[in-house]
2 protein chains.
Amino acid sequence: MTIYDIAKEAGVSASSVSRVINNKTGVNPEVRKKVQKLLKKYHYTPDAAARGLVSQSSRIIGILIADIRNIHHTDGAYYIERKLAALNYCCVILNTGDDDESRAQAISILEQRRVEGAVLIGSSFQTESVAQAIKRHLNNVPIVMINAFLDAPNIYGVLSDELHGVEACVNLLAEKGRKSLAFVRDCHTPSCELKVEGFRRGIRLLGQTEPWIYDSHGTTAADGKRATLEVLKDHPDVDGIIYSVDLIATGGIRALYDLGIAIPDQVSVIGVDNSIYGEICIPTLTSLDNKTFDSSIAACRILIDCLENRTTTRQMILPSAIVVRESTP
Amino acid sequence: MTIYDIAKEAGVSASSVSRVINNKTGVNPEVRKKVQKLLKKYHYTPDAAARGLVSQSSRIIGILIADIRNIHHTDGAYYIERKLAALNYCCVILNTGDDDESRAQAISILEQRRVEGAVLIGSSFQTESVAQAIKRHLNNVPIVMINAFLDAPNIYGVLSDELHGVEACVNLLAEKGRKSLAFVRDCHTPSCELKVEGFRRGIRLLGQTEPWIYDSHGTTAADGKRATLEVLKDHPDVDGIIYSVDLIATGGIRALYDLGIAIPDQVSVIGVDNSIYGEICIPTLTSLDNKTFDSSIAACRILIDCLENRTTTRQMILPSAIVVRESTP
DNA sequence: TTGTAGGCGTTATCAC
DNA sequence: GTGATAACGCCTACAA
């Protein structure tokens, strides 16, 4: 069903139908009524692609996420999709995985679809290869990165100050009298590096001779459990463990529970993300809120500002905040 | 950058450029080389909308989800997006929320985008209003519903046998000597009604005088906790509680923990979804695996079969299975 | 107020 | 092997 079909049945030209569809003035009321009736009768819906072709605007926004199953990123995607849908944009969500090639390919796909903007969620997009792909394929539409930043005229970034956040976690534990702290990291993204650096700084100021840093080699609870057992084996005197994400922290809690080590009496535990995982485990988990949701709101605002030709903030850093729960004294 | 720009610079016609782009035969090797060089030089990417217009195929698939933040649905969306992306389809994911109007609107948006198929994830789409909207707007493309079904020639469904699954949960508890069981439901979707019915049947066969059924009025852990306290107040002798989803079950575990009631010694707990939530709580949660992931695989296969004009299954029901963990004896 | 014509970027069908 | 030309569905001057 095209506007020509409608036009023919109404006995008018396609332009008149178009005018009715787009609520333009200068149409005989009778014609308008007749056309509207036919539009309704056939449940006519304009073809977005054809419209986009002539108007040179796709009203498509790309959302790139390493893995949509990661709830830490999904919250943001949800907010952004809802907000943009209300403005008549359609969101194409692509899971890119963690290799540079598929990230670049995803960016190329966004170009094919002629997206009017994109949001890249997660620090894993902060790589030279992504920067190149954006320069090649998406250099004239606004790109907003959440928890990452790349330097290009059309790239905007909303970051969370996880470095000082983790440093504050160390300080919190120190104030409570903890003396031997370990950090378990789950990956090697720029964001995770910042967390590690925050831990190092905190430890340095604290005077602990050496920062105990472990790698869980994965982001599941089981990975966190395994890494925790390693920590305990090497350092039976550890009295505080900070994990780079909540999920591996829950594995840590389980490991301690199995060994009969009391939380927080013997060992304090802190996670990062302030996710639902931290709320449902027992004891509930103290966590560094890195403001994903606020970041998404800010990112969305920046994107909309760009789409509507308003000047906006190029880069912003949101302070993180510790949410204290039962796993710390 | 269009094929005309490339053509002009190469000193050939647009048709030749098009032929090169699409790897068609019948192009002078020299011309091909020259054009390819230019395509690379300008990082040319074809406009998907223009292509779609002439080929009458958008290569867009719509995915409708009530709320992408619900991990239970995200797993499926991930699998489907990855699988279709590999086949060069682009997925538009829409969060519809839980009201009929916005579900219908989402379906209309899919029509505007001329999607070639759609996947509706979640039993909440099984409503008359969605059926109407599909009939109006999407009646000539395959629609696959996960954990739901509507009767129309272009609608396919993959369902999970949650009714017998919950009944089996009741039986499991009965075998372990549990005598006073309660069920906490989180919502009133068709899927949840089936779970309740499964519970009723189980109870009937068991001989418990009356099925204790409570409504958590929400799907958060806090809602589950509140409902559990209600159950315990009304029935202090309860010795087994089944929850319609894992997340509210974790709230139940917390409520019991706070009251010093031992799980599973005094009260057994079972959830539904076999989600990560059940793996990280203490004790770990026995859960009815309603095969979301398998459903998504099946749904995706059905959709691809349709897209590639193969005959396929109209409706299928997957058996659910209990995953026993620490919360049941 | 209305209709005609041209064009958006691409592909397919013809002649040449 | 190559290049006009006509679609695809829609919108927007411009002319009537």
Side-chain angles (χ1 to χ4, degrees), chain A residues 1-36 38-39 42-60 88 90 108-116 137 140, chain B residues 1-36 38-39 42-60 88 90 108-116 137 140:
Chain A
M1 182 65 44
T2 75
I3 53 172
Y4 280 90
D5 301 320
I6 301 283
K8 188 189 283 178
E9 186 159 341
V12 297
S13 77
S15 17
S16 286
V17 177
S18 174
R19 280 189 273 263
V20 172
I21 291 169
N22 297 290
N23 276 315
K24 302 254 169 162
T25 56
V27 182
N28 185 308
E30 300 233 343
V31 171
R32 189 183 296 272
K33 278 237 170 94
K34 191 195 286 181
V35 169
Q36 279 170 335
L38 287 171
L39 292 173
Y42 292 114
H43 307 297
Y44 171 85
T45 321
D47 182 318
R51 272 188 160 173
L53 202 56
V54 50
S55 69
Q56 294 290 66
S57 75
S58 64
R59 289 203 90 77
I60 296 179
N88 257 303
C90 203
S108 160
I109 290 173
L110 295 189
E111 187 196 10
Q112 281 179 240
R113 296 287 167 180
R114 298 296 187 266
V115 296
E116 299 182 28
H137 296 292
N140 48 10
Chain B
M1 181 64 43
T2 74
I3 52 172
Y4 278 90
D5 301 321
I6 301 282
K8 190 189 281 180
E9 186 160 340
V12 297
S13 76
S15 332
S16 288
V17 177
S18 175
R19 281 190 272 264
V20 172
I21 291 169
N22 297 289
N23 277 315
K24 303 253 168 161
T25 56
V27 182
N28 185 310
E30 301 235 341
V31 171
R32 192 183 293 273
K33 277 236 169 97
K34 191 195 287 183
V35 169
Q36 279 171 336
L38 287 171
L39 292 174
Y42 292 114
H43 307 296
Y44 169 85
T45 320
D47 183 318
R51 273 189 158 172
L53 200 56
V54 51
S55 69
Q56 295 289 68
S57 75
S58 64
R59 291 203 90 77
I60 297 180
N88 257 304
C90 204
S108 161
I109 290 173
L110 295 189
E111 187 196 10
Q112 280 179 239
R113 297 286 166 181
R114 298 295 186 268
V115 296
E116 298 183 27
H137 296 292
N140 48 10

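Here is the naming used below: chain letters follow the sequence lines, and residue numbers restart at 1 for every chain.
- Between B:Gln56 and D:dG9 there is a side-chain N or O to OP1 or OP2 distance below 4.0 Å.
- Counting heavy atoms from C-beta outward, A:Leu110 and A:His137 have side chains that stay 4.5 Å or more apart.
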Throw together a table of side-chain donor-acceptor distances under 3.5 angstrom for residues 1-9 of chain B, partners on residues two or more places apart or in other chains.
from   : atom 1 : to      : atom 2 : distance (Å)
B:Thr2 : OG1    : B:Tyr4  : N      : 3.1
B:Thr2 : OG1    : B:Asp5  : N      : 3.4
B:Thr2 : OG1    : B:Asp5  : OD2    : 3.4
B:Asp5 : OD2    : B:Thr2  : N      : 2.8
B:Glu9 : OE1    : B:Tyr42 : OH     : 2.7
B:Glu9 : OE2    : B:Lys41 : NZ     : 3.3
B:Glu9 : OE2    : B:Tyr42 : OH     : 3.2

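- Applying the side-chain hydrogen bond (donor to acceptor under 3.5 Å, both in side chains) rule to A:Ser108 yields no partners; only residues at least two apart in sequence or on another chain are considered.
- Near DNA chain D, defined here as any heavy-atom distance below 4.0 Å, the residues from residues 42-55 of chain B are B:Leu53, B:Val54, listed numerically.
- Of the possible polar contacts, one joining the B:Glu116 side chain to the B:Ser58 backbone as a donor-acceptor pair under 3.5 Å is found.
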What nitrogen or oxygen pairs link the protein and nucleotides 2-5 of chain D at under 3.5 Å?
from  : atom 1 : to      : atom 2 : distance (Å)
D:dT2 : OP2    : B:Asn28 : N      : 2.5
D:dG3 : OP2    : B:Ser13 : N      : 3.0
D:dG3 : OP2    : B:Ser13 : OG     : 3.3
D:dG3 : OP2    : B:Ser16 : OG     : 3.1
D:dG3 : N7     : B:Arg19 : NH2    : 2.7
D:dG3 : O6     : B:Arg19 : NH1    : 3.2
D:dA4 : N7     : B:Ser15 : OG     : 3.4
D:dA4 : N6     : B:Ser15 : OG     : 2.9

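- Protein chain B contacts DNA chain C over a range whose 5' and 3' limits, counting nucleotides with an atom under 4.0 angstrom from a non-hydrogen atom, are C:dG9 to C:dA12.
- Scanning for side chain to side chain contact (heavy atoms under 4.5 Å, CB included) contacts around A:Lys24 gives A:Arg19, A:Asn22, with sequence neighbours left out.
- Axis angle across the helix from C:dT1-D:dA16 to C:dC16-D:dG1, with five pairs used at each end and values rounded to 10°: 50°.
- Regarding A:Asn22, its CG atom lies at a distance of 13 Å from the C1' atom of D:dG9, rounded to whole Å.
- Here salt bridge (charged side-chain N to carboxylate O under 4.0 Å, His left out) pairs that include residues 44-58 of chain A, with residues two or more places apart or in two chains, are A:Asp47-B:Arg114.
- Taking OG from B:Ser16 and CD1 from B:Ile21, the interatomic distance works out to 11.0 Å, rounded to the nearest 0.5 Å.
- In terms of phosphate contacts, A:Lys24 brings a side-chain nitrogen or oxygen within less than 4.0 Å of OP1 or OP2 of D:dT12.
- Of all heavy-atom pairs spanning B:Arg59 and B:Asn88, the tightest one is NE-O, 3.2 Å.
- With sequence neighbours left out, the side-chain hydrogen bond (donor to acceptor under 3.5 Å, both in side chains) criterion links B:Thr45 to A:Glu111.
- Residues passing the side chain to side chain contact (heavy atoms under 4.5 Å, CB included) test with B:Ala10 are B:Val12, B:Lys34, B:Val35, B:Leu38, sequence neighbours excluded.
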